[in-house]
**Q** 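I have a structure I would like to understand better, so I am pasting it below and will then ask my questions one at a time.
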Amino acid sequence: ARYSPTLTELWAKTYDAGANEESVRVRIDASGATTVLAHQWSSTSSGSNGLLVRFSTLGVTQGSAVIDYTINDQPYRLGLDPSGSVYVSGSQADTTPGGFVAKYNAGTLLATPIWSRTFTAGDNGTGVFQLGIQPGTATVFVVALDYGANGSVAVIRFDGDGQQTVSVYY
């Protein structure tokens, strides 16, 4: 739902992608479009995915994308750069657990991201992957935390084209 500054409901929408969905994050860009990040799982299968849905200022669905890298993808963070491009990060649990970050089109979400990167988790495969966008730029930072016996932190920076420019490990 979208509300005015005086808390008057402007529009309300439900979105059914054919599975169970639970919203994780919501962002509104400079044009007033609303992007929702959700965790999606099916009651008939063992997998889960992420789901992005974009609504216009009037609540009209402008596009959607399923985030499906492995059997179990869990989106955590949603960000927008100054042009309105959509960034998502999260974890994935599979035979090689890790995380992901992806960039989607600014105008409408496309089924395929502009770019995406995946990461392998540390010594015990338990990772939390946070997302940050440098203000006023399309520079993306991912912080990967590993809670294993040798716990570590990695900070990875990507430019707007998805090129890894820096990685620091602690």
Side-chain angles (χ1 to χ4, degrees), residues 1-17 19 21-40 48-70 73-92 98-120 127-145 153-169:
R2 179 138 187 207
Y3 294 89
S4 73
T6 60
L7 300 181
T8 302
E9 185 178 286
L10 300 175
W11 55 263
K13 288 287 181 180
T14 58
Y15 189 87
D16 184 3
E21 293 94 21
E22 174 183 54
S23 65
V24 177
R25 299 278 185 260
V26 175
R27 295 287 181 266
I28 299 173
D29 69 17
S31 74
T34 302
T35 302
V36 178
L37 175 64
H39 183 219
Q40 176 186 58
S48 64
N49 299 310
L51 175 67
L52 281 169
V53 182
R54 184 175 172 93
F55 298 98
S56 72
T57 56
L58 301 175
V60 176
T61 303
Q62 292 183 313
S64 64
V66 174
I67 301 165
D68 187 12
Y69 294 104
T70 66
D73 299 305
Q74 296 183 358
Y76 290 125
R77 296 289 180 248
L78 174 65
L80 304 175
D81 71 14
S83 72
S85 291
V86 177
Y87 297 84
V88 177
S89 70
S91 68
Q92 51 192 34
F100 63 87
V101 62
K103 177 181 180 179
Y104 291 85
N105 183 294
T108 58
L109 297 176
L110 301 175
T112 304
I114 294 169
W115 59 260
S116 64
R117 305 290 179 265
T118 58
F119 314 98
T120 302
V128 174
F129 300 87
Q130 304 295 335
L131 173 74
I133 299 174
Q134 185 174 343
T137 72
T139 301
V140 178
F141 292 87
V142 175
V143 178
L145 308 172
V153 176
V155 178
I156 307 163
R157 183 174 74 187
F158 298 93
D159 65 18
D161 295 322
Q163 299 303 310
Q164 183 175 325
T165 57
V166 174
S167 41
V168 179
Y169 299 91

**Q** Does the side chain of Asp29 come within less than 4.5 Å of Val86's, by heavy atoms?
**A**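 A side-chain contact under 4.5 Å is absent here.
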
**Q** If only atom types and distance count, is the side chain of Trp11 paired as donor or acceptor with the main-chain N or O of Thr57 below 3.5 Å?
**A**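 Indeed, once roles are kept as given, a pair shorter than 3.5 Å links the two residues.
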
**Q** I'd like to know if the side chain of Trp115 and the backbone of Gln163 have a donor-acceptor N/O pair within less than 3.5 Å.
**A** no

**Q** Identify the heavy atoms of Ser31 and Arg54 that sit nearest to each other, and give their distance.
**A**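 Looking at all heavy atoms of both residues, the shortest contact is OG-NH2, 4.5 Å.
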
**Q** Rounded at 0.5 Å granularity, tell me how far OG in Ser116 sits from OH in Tyr104.
**A** 7.0 Å

**Q** Could you pull out the closest heavy-atom pair between Glu9 and Ala1, with the gap in Å?
**A**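 Heavy atoms only, the tightest pair is OE1-CB, 4.5 Å.
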
**Q** Determine whether Ile156 and Arg117 make a side-chain contact, defined as any pair of heavy atoms from C-beta on separated by less than 4.5 Å.
**A**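 A side-chain contact under 4.5 Å is absent here.
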
**Q** What's the separation between atom OG in Ser4 and atom CZ in Arg2, rounded to the nearest 0.5 Å?
**A** 10.0 Å

**Q** What pairs with Gln134 under side-chain hydrogen bond (donor to acceptor under 3.5 Å, both in side chains), at least two apart in sequence or on another chain?
**A** none

**Q** Are the side chain of Lys103 and the backbone N or O of Ser85 linked by a donor-acceptor pair below 3.5 Å?
**A**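 Checked: no pair found.
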
**Q** Are any of the side-chain heavy atoms of Val88 and Phe100 separated by less than 4.5 Å?
**A**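 Answer yes - side chains close enough.
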
**Q** Roughly how far, to the nearest 0.5 Å, is OG1 of Thr139 from CG of Asp159?
**A** 7.0 Å

**Q** Nearest heavy-atom pair of Val53 and Phe55: which atoms, and what distance?
**A**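 Looks like CG1-CZ, 3.5 Å.
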
**Q** Can you name the side-chain hydrogen bond (donor to acceptor under 3.5 Å, both in side chains) partners of Arg27, sequence neighbours left out?
**A**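 For Arg27 there are no side-chain hydrogen bond (donor to acceptor under 3.5 Å, both in side chains) partners, ignoring immediate neighbours.
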
**Q** On a heavy-atom basis, which atom in Leu78 and which in Thr35 lie closest, and how many Å separate them?
**A** CD2-O, 3.6 Å

**Q** If every non-hydrogen atom of Thr137 is compared with every non-hydrogen atom of Pro82, which pair is closest and at what distance?
**A**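 Where Thr137 meets Pro82 most closely, the heavy atoms are O-CD, 3.0 Å.
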
**Q** Mind checking the OH-CG spacing from Tyr87 to Leu80? Nearest 0.5 Å is all I need.
**A** 9.5 Å

**Q** Quick one: side-chain hydrogen bond (donor to acceptor under 3.5 Å, both in side chains) partners of Thr34, sequence neighbours excluded?
**A** none

